[in-house]
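First the structure, in the form of structure tokens, and then the observations on it.
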Amino acid sequence: MAQSLSTTLPKPTSSSSPACTLLFIFTLCILTIYTLHHHHNPHPPPPSTTNPPSVSTFINSASNYTISTYLRHLTLHPHIAGTPPSSAAAAYVTSHFQSFNIPTHVTNFSVLLSYPVSSSLTAHFSNSSTVSLTLTEPGFGSDSEVVRPYHAYSPSGTAYGKAVYVSHGREEDYRALAAAGVNVNGCIAVVKRGGGMSRNAVVVKAAERGVTAVVMFTDGNGNGVERGTVLDGVGDPLTPGWGASGGGDVERLRMEDSEVSGRFPVVPSLPVSAETAAVILGSLGGPRVAHIWKNGEVDQVRKFDRVGPGPTFLNFTYEGENKVGVIQNVFGVIKGSEEPDRFVVLGNHRDAWTYGAVDPNSGTAALIDIARRYSLMMRLGWNPRRTIYLCSWDAEEFGMIGSTEWVEQNLVNLGSKAVTYINVDCAVQGPGFFAAATPQLDDILVEVTKKVTDPDNSGSTLFDKWKTNNEGSPLIERLSDVFSDFSPFLHHAGVPSVDLYYGKAFPVYHTAFDSYDWIVKHGDPLFHRHVAVAGVWGLLALHLADDPILPFNYLSYAAQLQNHTQSLYKLIKGDVSLHPITSAIEELVDVAKQVEDEIKKIKDEEAEGRVLDLKRRVLNDRLMFAERGFLDSDGIRGRQWFKHLVYGPASEGKLGFFPGVADAIYESKRQSVIQHEIWRVGRAIQRAASALKGELT
């Protein structure tokens, strides 16, 4: 069995000995010969008599070896978007899709990207000593092919001031500091990543408080440095709302236009390692940390006790370059045989800050392997009912740019033809399966996990482990946050969406240590978790592409909306009326029940041999369009690009749904504003119910 011959496959490096390189090649040869004669699904699934031939073929053609091989090649070099190595990675994906006889094309966009030129950080201590602080990881100096740690789209600038620790940089943190008599104006803030704050929000909030520069660290990264973007929102800053097509014939706004400049912070920032941050924090005076954050929520570095400001001064410099560059989205398209104008879209981004073994190429390798398995099925005579798009996005790390530009360019067709978007960013980060989805997809997601073997226990299914980890019921999260390529599909286009991954977090996130070696030593040595994620991803797409009636359950959606409303009621405590939402949910429940009866009737008629293609098509369109009803043309107040009123980013609070209502509660606090946002949500739910019903009033 493949399980017994699966092995870790460490990446040969330039420093590897000839013997090590020969051993690696020998291992690959042995495994290659083995694959010619044996099945290599590492954990054959439990026997089933209900799987159609296409599903069985897909399950039985799983291969941890091929996924590991794809990942090794993808991570040989860092491949940040807009660079030659990134183009090479695009060519690698393209060549594999083509080798599987899947029609493939590349769509280019010319977008604003951001790169570092120089940076420095010097500490001036109270004993008159001066230290030039380390900004790069050990072994990755100025001559390394890995990009130096930086924040994309940070403004260039210099600053000199006292260092002050502001915890996560939230509004509540600044209030706590002010209450302790700490004045941060004119200081350089040291911020610990987390607390629900994006990098952009941290820097913007710091500037509002008079901070002149920001230094960020991630606890637990050791000497790794977390790169990232500080751009607000998603997509190319110069073409907001329309696709930045690769040709020159496209409107681009100017950097000084308010719609562009408003997306950039006004003070510079840099990431540093936790070890570098500890050097600064350990030298601070001022009030004690425990006296300011009494709830124990503050970080666990435990190498410092005071917040400043000073007596240590920091001398901060950063120079960056923003320039228009070409990015490449790669598409493999398997045309549907019966409904070619209905699209099931699978997506993963390909670009990485460094080597990208976890983020994102664990997902890229899984996507290529899904393409391989679909190709095998096609050679055996299968074709999907609906068209499947296999999408490899570029420039996600800069702000979901590749996927956003494509969605904006194809908005009308996606709005009228896209069935579902299924996203995998980091396929494997560590142990434990996690999923997030719009609620009508809950049931089919659960059913698919019952067909995939648990990679850590071959005697049970992924579903068994998933429900055990969540007290007997699988936990499916929702998609309000903006952290991957599902955002333009759901938040802007209203396409039902899913996001899948293994492992909650990993310590080498966005650092130079996110390498193939880390995967084989820590993340998934035998690549069985990769196989599991690919299994769920590919099977989910098969059901959505092949099931005659789309496996959507809007009773599940209505139940989730009821739970959201109950949570909201506890928060507002009767200050405003929730009747607009509750009455709309009742309407959605009634329509969803009618749809369930309609589905049963159609299936009964089909069992009797009656052909009902047109009736089924009309029903599927209603199931598909209902999610669009949650969109509002005016969008979320202050962030109009985000149109979804149930799931989308809120500027404050941890509500996780009804973003406009959350903003009104935490920002405006005026009952009339809160009530208006409640009415807007109620109308959105009514629109969804109306689309699901499919009749005019």
Please test Y557 against E627 for side chain to side chain contact (heavy atoms under 4.5 Å, CB included), starting from the C-alpha separation and ending with a verdict. CA-CA 10 Å; Y557 215 130; E627 186 73 42; 2.9 Å; yes
For salt bridge (charged side-chain N to carboxylate O under 4.0 Å, His left out), just list the numbers for E606 and K603, CA-CA rounded to whole Å, side-chain angles, deciding distance to a tenth of an Å, and then say yes or no. CA-CA 5 Å; E606 287 179 332; K603 289 182 176 180; over 6 Å; no
In sequence, state the C-alpha distance, the side-chain angles, and the governing distance for F658 and F630, and then conclude on ring pair (Phe, Tyr, Trp, His ring centres under 6.0 Å). CA-CA 10 Å; F658 304 161; F630 297 119; 9.4 Å; no
Determine, step by step, whether D634 and K643 satisfy the salt bridge (charged side-chain N to carboxylate O under 4.0 Å, His left out) criterion, reporting the C-alpha distance in whole Å, the side-chain angles of both residues, the deciding distance to 0.1 Å, and the verdict. CA-CA 7 Å; D634 292 334; K643 307 294 186 184; over 6 Å; no
Assess whether salt bridge (charged side-chain N to carboxylate O under 4.0 Å, His left out) is satisfied between R622 and E598, documenting all intermediate values. CA-CA 12 Å; R622 287 154 48 203; E598 186 177 350; 2.8 Å; yes
Go through R639 and D663 one step at a time and tell me if the side chain to side chain contact (heavy atoms under 4.5 Å, CB included) criterion holds. CA-CA 11 Å; R639 295 181 305 288; D663 285 350; 2.6 Å; yes
Walk me through it: do E447 and H543 pass the test side-chain hydrogen bond (donor to acceptor under 3.5 Å, both in side chains)? CA-CA 10 Å; E447 286 305 308; H543 279 285; over 6 Å; no
Begin with the C-alpha distance, continue with both residues' side-chain angles, and end with the deciding distance and a verdict on side chain to side chain contact (heavy atoms under 4.5 Å, CB included) for T387 and V344. CA-CA 6 Å; T387 296; V344 175; over 6 Å; no
Apply side chain to side chain contact (heavy atoms under 4.5 Å, CB included) to residues Y374 and I388 and explain how you reach the verdict. CA-CA 10 Å; Y374 284 173; I388 295 176; 4.0 Å; yes
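The heavy-atom pair separating I581 from I678 by the smallest distance is CG1-O, 3.7 Å. Heavy atoms only, all atoms of each residue included: P659 and H644 are closest at CG-O, 3.9 Å. Contact detail for G243 and V250: the closest heavy-atom pair is O-CG2, 3.6 Å. Pairing each heavy atom of V345 with each of C391, the nearest pair is CG1-SG, 3.5 Å. Closest heavy-atom contact between L631 and H492: CD1-O, 3.9 Å. Across all non-hydrogen atoms, the minimal contact from A90 to V330 is O-CG2, 3.8 Å.
Using a 4.5 Å cut-off on side-chain heavy atoms (C-beta onward), T229 and N200 make no contact. The closest side-chain heavy-atom distance from D359 to W353 is not below 4.5 Å. Looking at F58 and L376, their side chains never come closer than 4.5 Å, going by heavy atoms from C-beta outward. Side chains of V589 and Q562 form a contact here, defined as non-hydrogen atoms less than 4.5 Å apart. Taking the side chain as every heavy atom from C-beta outward, V234 and V482 approach each other to under 4.5 Å. Looking only at side-chain heavy atoms (C-beta outward), Q409 and T107 come within less than 4.5 Å of each other. A heavy-atom distance below 4.5 Å is found between the side chains of W537 and I422. Residues D485 and N348 fail the side-chain proximity criterion, which asks for heavy atoms closer than 4.5 Å.
Relative ring orientation between F343 and Y389 is described as perpendicular, the plane-to-plane angle rising above 60° on a 0-90° scale split at 30° and 60°. Note on ring orientation: taking the six-membered ring where Trp is involved, the planes of H564 and Y647 are perpendicular (angle over 60°, cut-offs 30° and 60°). Note: Y421 and W393 have tilted aromatic rings, judged against thresholds of 30 and 60 degrees for the angle between ring planes.
Here the straight-line distance linking atom CG of L346 with atom CG of L540 works out to 8.0 Å at 0.5 Å rounding. In this structure, E405 CD and M400 CE are separated by 12.0 Å, a value rounded to the nearest 0.5 Å. How far NZ of K593 is from CD of E596: 11.0 Å, rounded to the nearest 0.5 Å.
The side chain to side chain contact (heavy atoms under 4.5 Å, CB included) with V55 is formed by just one residue from the set L539, D546, N60, V448; it is L539. With F552 as the fixed residue, the side chain to side chain contact (heavy atoms under 4.5 Å, CB included) test singles out one of D443, I599, V419: V419. Screening K335, R386, R617 for a salt bridge (charged side-chain N to carboxylate O under 4.0 Å, His left out) with D341, the sole residue that qualifies is R617. The only option from R616, K600, K615 that meets the salt bridge (charged side-chain N to carboxylate O under 4.0 Å, His left out) definition with E605 turns out to be K615.
T66 places a side-chain N or O within donor-acceptor distance of the main-chain N or O of S63, the cut-off being under 3.5 Å. Here the side chain of D351 pairs a donor or acceptor atom with the backbone of E397 at under 3.5 angstrom. Although no hydrogens or angles enter the test, the distance criterion places a donor-acceptor pair under 3.5 Å between the side chain of R628 and the main chain of G415. Between the side chain of S61 and the main chain of R373, no donor-acceptor pair closer than 3.5 Å is present. The closest donor-acceptor contact from the side chain of E408 to the backbone of G241 lies under 3.5 Å. Between the side chain of S99 and the backbone N or O of F97 there is no donor-acceptor pair closer than 3.5 Å. The backbone N or O of F483 sits nowhere less than 3.5 Å from a side-chain atom of D481 that would complete a donor-acceptor pair. Not a single donor-acceptor pair under 3.5 Å links the side chain of S487 to the backbone N or O of S484. Not a single donor-acceptor pair under 3.5 Å links the side chain of S567 to the backbone N or O of T565. The backbone N or O of Y153 sits less than 3.5 Å from a side-chain atom of S114, completing a donor-acceptor pair.
Classification of D632 and R683 as a salt-bridged pair fails, no side-chain N sitting under 4.0 Å from a carboxylate O. Here K601 does not pair with D604 in a salt bridge; the nearest charged N to carboxylate O distance is not below 4.0 Å.
In W382, the CH2 atom is crowded: over 12 heavy atoms of neighbouring residues, nucleotides or ligands sit closer than 6.0 Å.
Between the side chains of Q328 and S87, at least one donor-acceptor pair of N or O atoms lies under 3.5 Å. In this model, no donor atom of one side chain and acceptor atom of the other lie less than 3.5 Å apart for Y509 and Q429. A donor-acceptor contact closer than 3.5 angstrom links the side chains of Y554 and Q440. In this model, a donor atom of one side chain and an acceptor atom of the other lie less than 3.5 Å apart for N361 and H79.
Remark: D394 pairs with R350 by the salt bridge (Lys or Arg N to Asp or Glu O under 4.0 Å) rule, at least two apart or across chains.
Annotation: cation-pi pair R529/Y502 absent, no NZ/CZ under 6.0 Å from the ring centroid and within 45° of its normal.
Checked against the 6.0 Å centroid threshold, W406 and F331 count as a close aromatic pair.
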